[in-house]
Amino acid sequence: MADRVCDEILSGKYGDDDRIPSVRDYAVMLEVNTNTAMKAYEQLARENIIYNKRGLGYYVTPGAREQILAKRRHNFMSQQLPELFRQMELLRLDIEDVVSAYEKVKD
């Protein structure tokens with residue numbers, strides 16, 4: 001759930017200081033227990049992605065998009081990319097194969 005909120009921030013659905021759905025509304029929308037939604041929101045608040053205006057709800061922290069991008073880029077470069085390179089080596093693919101496939105998907 002926390003990743004989904006982050007995805008929505010990255011996509012531009014929610015910007016700086018935008019109100020996000022209430023815990024209850026988000027839980028209903030995703031068909032999960034309210035406690036699960038609350039834990040996700042608490043995690044995002046601890047990470048300073050969202051903040052709570054008491055009695056008004058949760059809002060996107062200014063700069064959250066850049067913070068999410070930085071974290072995800074770091075994770076991609078340190079975890080996913082090395083695995084991609086390993087698979088490329090095993091499959092005897094070179095970077096040109098990957099670039100070609102990327103160009104097809106991008107268009």
Side-chain angles (χ1 to χ4, degrees):
M1 269 190 68
D3 283 339
R4 181 164 175 166
V5 172
C6 289
D7 288 347
E8 291 172 339
I9 292 169
L10 288 177
S11 74
K13 182 173 183 177
Y14 304 116
D16 290 352
D17 290 314
D18 282 352
R19 187 175 185 279
I20 62 174
S22 70
V23 171
R24 180 172 288 130
D25 289 344
Y26 214 65
V28 168
M29 183 173 62
L30 298 180
E31 299 177 352
V32 298
N33 186 291
T34 304
N35 291 331
T36 303
M38 189 66 217
K39 287 178 185 176
Y41 275 40
E42 287 172 349
Q43 175 190 340
L44 291 171
R46 280 191 308 273
E47 294 174 1
N48 205 30
I49 301 297
I50 61 174
Y51 63 95
N52 187 9
K53 285 187 182 179
R54 195 165 195 92
L56 298 176
Y58 284 92
Y59 293 77
V60 177
T61 302
R65 184 177 191 281
E66 291 75 23
Q67 182 181 340
I68 295 164
L69 279 172
K71 181 179 177 182
R72 288 193 175 180
R73 284 176 178 156
H74 172 76
N75 288 343
F76 179 80
M77 296 298 280
S78 65
Q79 296 171 11
Q80 293 174 319
L81 200 55
E83 176 59 20
L84 173 67
F85 292 151
R86 187 179 79 77
Q87 289 295 321
M88 286 173 63
E89 184 70 26
L90 289 172
L91 299 172
R92 293 185 172 85
L93 293 170
D94 58 29
I95 195 69
E96 288 79 20
D97 297 321
V98 174
V99 169
S100 176
Y102 174 74
E103 292 297 328
K104 288 177 186 173
V105 172
K106 191 173 93 172
D107 293 332

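Computed from a prediction, not measured in an experiment: that's the story for all the values here.
Across every non-hydrogen atom of V23 and T34, the tightest pair is CG1-O, 3.7 Å. Closest of all the heavy-atom pairs between A37 and A27 is CB-CB, 3.8 Å. Across R4 and L30, no two heavy atoms sit closer than the pair NH1-CD2, 2.7 Å. Of all heavy-atom pairs between M77 and P82, the closest is O-CD, 3.3 Å. Nearest heavy-atom pair, G63 versus D16, reported as atom, atom and distance to 0.1 Å: N-OD1, 3.2 Å.
Separation of atoms CD (E42) and CD1 (I50) is listed at 9.5 Å; rounding is to 0.5 Å. Between the CD atom of E66 and the CD1 atom of I9 there is a distance of 10.5 Å, given to the nearest 0.5 Å. The distance from atom CG of N52 to atom CG of L44, rounded to the nearest 0.5 Å, is 12.5 Å. R54 CZ to L56 CG: the interatomic distance, rounded to the nearest 0.5 Å, is 11.0 Å.
Checking side-chain atoms of E47 against main-chain N and O of Q67 turns up no donor-acceptor pair under 3.5 Å. No donor-acceptor distance shorter than 3.5 angstrom exists from the side chain of S100 to the backbone of D97, with no hydrogens or angles considered.
Note on V5 and V32: same hydrophobic cluster, where clusters join Ile, Leu, Val, Met, Phe, Trp and Tyr whose side-chain heavy atoms are under 4.5 Å apart, directly or indirectly. The cluster map of Ile, Leu, Val, Met, Phe, Trp and Tyr, joined by side-chain heavy atoms under 4.5 Å apart, puts L84 and L91 in the same cluster. Transitive grouping of hydrophobic side chains (ILVMFWY, heavy atoms separated by less than 4.5 Å) brings Y58 and L10 into a common cluster. Under the 4.5 Å side-chain contact rule for hydrophobic residues, I49 and Y59 do not share a cluster. L81 and L69 are assigned to two separate hydrophobic clusters, defined by single-linkage of ILVMFWY side chains at heavy-atom distances under 4.5 Å.
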Verify side chain to side chain donor-acceptor pair (under 3.5 Å) between Q87 and E83, making sure each step is shown before the conclusion.
-> CA-CA 6 Å; Q87 289 295 321; E83 176 59 20; 3.0 Å; yes
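Note on ring orientation: taking the six-membered ring where Trp is involved, the planes of Y41 and Y26 are tilted (angle from 30° to 60°).
Looking only at side-chain heavy atoms (C-beta outward), V60 and K13 stay at 4.5 Å or farther from each other. Side-chain atoms of M29 and D25, non-hydrogen and from C-beta on, never get closer than 4.5 Å to each other. The closest side-chain heavy-atom distance from E103 to K106 is below 4.5 Å. Counting heavy atoms from C-beta on, the side chains of R72 and C6 come closer than 4.5 Å.
For R24, the CZ atom sits in a loose shell: 12 or fewer heavy atoms of surrounding residues, nucleotides or ligands are nearer than 6.0 Å.
Every residue two or more places apart in sequence or in another chain was checked for a ring-ring contact (aromatic ring centres under 6.0 Å, His included) with F76, and none qualifies. Shown here are the side chain to side chain donor-acceptor pair (under 3.5 Å) partners of Y14, two or more places apart in sequence or in another chain: there are none.
The residues D17 and K53 are annotated as not salt-bridged, no charged nitrogen and carboxylate oxygen being separated by less than 4.0 angstrom.
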